[in-house]
Amino acid sequence: MKILILGSGGREYSIGRAIKNEQEEHELFFQPGNGATDNLGTNINIKDYNLLAAFAKENEIELTIVGPEAPLVDGVVDIFKAQELTIFGPSAEAAQLEGSKVYMKNFLAKYKIPTAAYIESDSIEELYKFTESLSTPIVVKADGLCGGKGVIIAQSHDEAKKAIGEMLSGKSFGDAGKKVIVEEFLDGFELSMFAICDGDDYILLQAAQDHKRIGDGDTGPNTGGMGAYAPTPLVDEELYQKVKDRVIVPTLEGMKKEGAPFEGVLFIGIMVVNGEPITLEFNVRFGDPECEILMPLMTSPVSDMFYKAATNRLSEIKVEFSSQYAVGVVMASANYPYSSSLPAEIVEDEVHHESIEKYTHISYAGVMKEDGVLYASGGRVLVCVGLGDSIQEARDRAYLRCGQVHFVGKKIRTDIAYQAL
Ligand code: AMP
Ligand code: GLY
């Protein structure tokens, strides 16, 4: 197939890599891709979605896969579908599950999907009043997309009120903070679950855990994710079943009733409290770095899974998973997540160990190429992925690979997958 992948991160690299590793040959295009995706296919540079759809028509692209949330919320799927192109992702309307936290919370409440008790409002008095009724910590969220920074866990009532005020005034997140959610703090362990959906049917992938804070032991500010592993032994069959029955099935049915059937990746952020899965949030795309560890665990062709999902035929296929575990360690640049960093050349040692060659690889994210040389260009630069028959083995391999990649200022967490060991 000819396949177009939208996005520029490690997530998109890992999808492209998985497709390239399939038995069948595929031709890949990335919009815009990064300094390493051009090893997997062709990077293009067409920002306007109408022009991009025209490119897809002209080049007989048979499937488009959308990585990040922004193009989904902006309606790229609707534009492609109007041109009768096959694209995997939710419509702009269905993408509101991520694009508006108020939409998502009200949807969860309407369809009785367990979530943290909350109030949504644009009235400071109402929000303050609900805040007073909660014990600390208190969670304050801006409604719109904030690049993963729109959630404040306030340790005191005063801190919560300050966050509410700054959001409503537009000071912290502009228009995205015009409406605010205040909710109860849930104490438990967090999971990332992903359901590939075609509007009617779904395939639930293995449960993963992300590491959102910058520092070891979950300290310091939040990031996009510093590492992930899967499948996590913290989830048993009973918990998978609860997530299916209480979250995924009512969500797919609810979205159909809302007139916006959900097609694409439903990313369910879950807090498990006393064995019960509570939905923290939805995203409408793969997590990053979760995608980088889930892709290599799939042994049936992922391009076919995305194609069948995009053509409402998921029920025709059976997706197969490897019996191994995957651990991914993010290597970020010096100033992440505070500010950008100067480009730094990436030097990789030759891999001599047979098991490292066979059971590790790199998913490239924030990289650029100049005269054939790869540079770390900021943010999360790459993910070292290790596979193994146990989490410990996968993790050891991932860290061995990390030791073979060098650039000035490289920053990693040293405790990825600690929850499972
Ligand atoms: P969100 O963008 O809603 O996923 O929030 C970002 C992070 O904040 C989550 O991954 C959780 O770690 C944390 N968080 C969000 N809501 C809650 C909550 N109600 N209770 C505890 N932690 C939360
Ligand atoms: N790693 C979490 C996310 O992609 O939102």
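Every value quoted in this text rests on a predicted model; they were computed, and no experiment measured them. Note that ligands are numbered from 1 as they come in the structure, with each ligand's atoms numbered from 1 the same way.
Using modelled atom types, one side-chain atom of R413 and one backbone atom of R213 make a donor-acceptor pair closer than 3.5 Å. A donor-acceptor pair under 3.5 Å is absent between the side-chain atoms of S100 and the main chain of Q96, judged by distance alone. Counting only distance, with no hydrogens or angles, the side chain of H211 and the backbone of I416 share no donor-acceptor pair below 3.5 Å.
Within the structure, every pair that satisfies the side chain to side chain donor-acceptor pair (under 3.5 Å) test and touches residues 258-276, not counting sequence neighbours, is listed here: K81-E263, K110-E258, Y111-E258, K242-E276, R246-E276.
Listed by chain and number, the residues in a side chain to side chain contact (heavy atoms under 4.5 Å, CB included) with D236 are E238, L239 (sequence neighbours excluded).
Ring to ring, F29 and F55 are close: their centroids are under 6.0 angstrom apart. Aromatic rings from F282 and F267 are positioned such that their centres are separated by 6.0 Å or more.
To the nearest 0.5 Å, the span separating CG on L108 from CD on E281 amounts to 10.5 Å.
The contact shell of ligand 2, taken as protein residues with any non-hydrogen atom closer than 4.0 angstrom, comprises D210, G224, F267, R285, G287, D288, P289, E290.
Applying the 6.0 Å contact sphere to NZ of K410 captures more than 12 heavy atoms from other residues, nucleotides or ligands.
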Considering only N or O atoms, set out every pair between ligand 1 and the protein closer than 3.5 Å, with distances to one decimal place.
from     : atom 1 : to   : atom 2 : distance (Å)
ligand 1 : 2 (O)  : E281 : OE1    : 3.3
ligand 1 : 3 (O)  : K141 : NZ     : 3.0
ligand 1 : 4 (O)  : E281 : OE1    : 3.2
ligand 1 : 4 (O)  : E281 : OE2    : 2.6
ligand 1 : 10 (O) : E190 : OE2    : 2.4
ligand 1 : 10 (O) : K212 : NZ     : 2.8
ligand 1 : 12 (O) : E190 : OE1    : 2.6
ligand 1 : 12 (O) : E190 : OE2    : 3.3
ligand 1 : 16 (N) : K141 : NZ     : 3.1
ligand 1 : 16 (N) : E183 : OE2    : 3.4
ligand 1 : 19 (N) : E183 : OE2    : 2.7
ligand 1 : 19 (N) : E184 : O      : 3.0
ligand 1 : 20 (N) : L186 : N      : 2.8

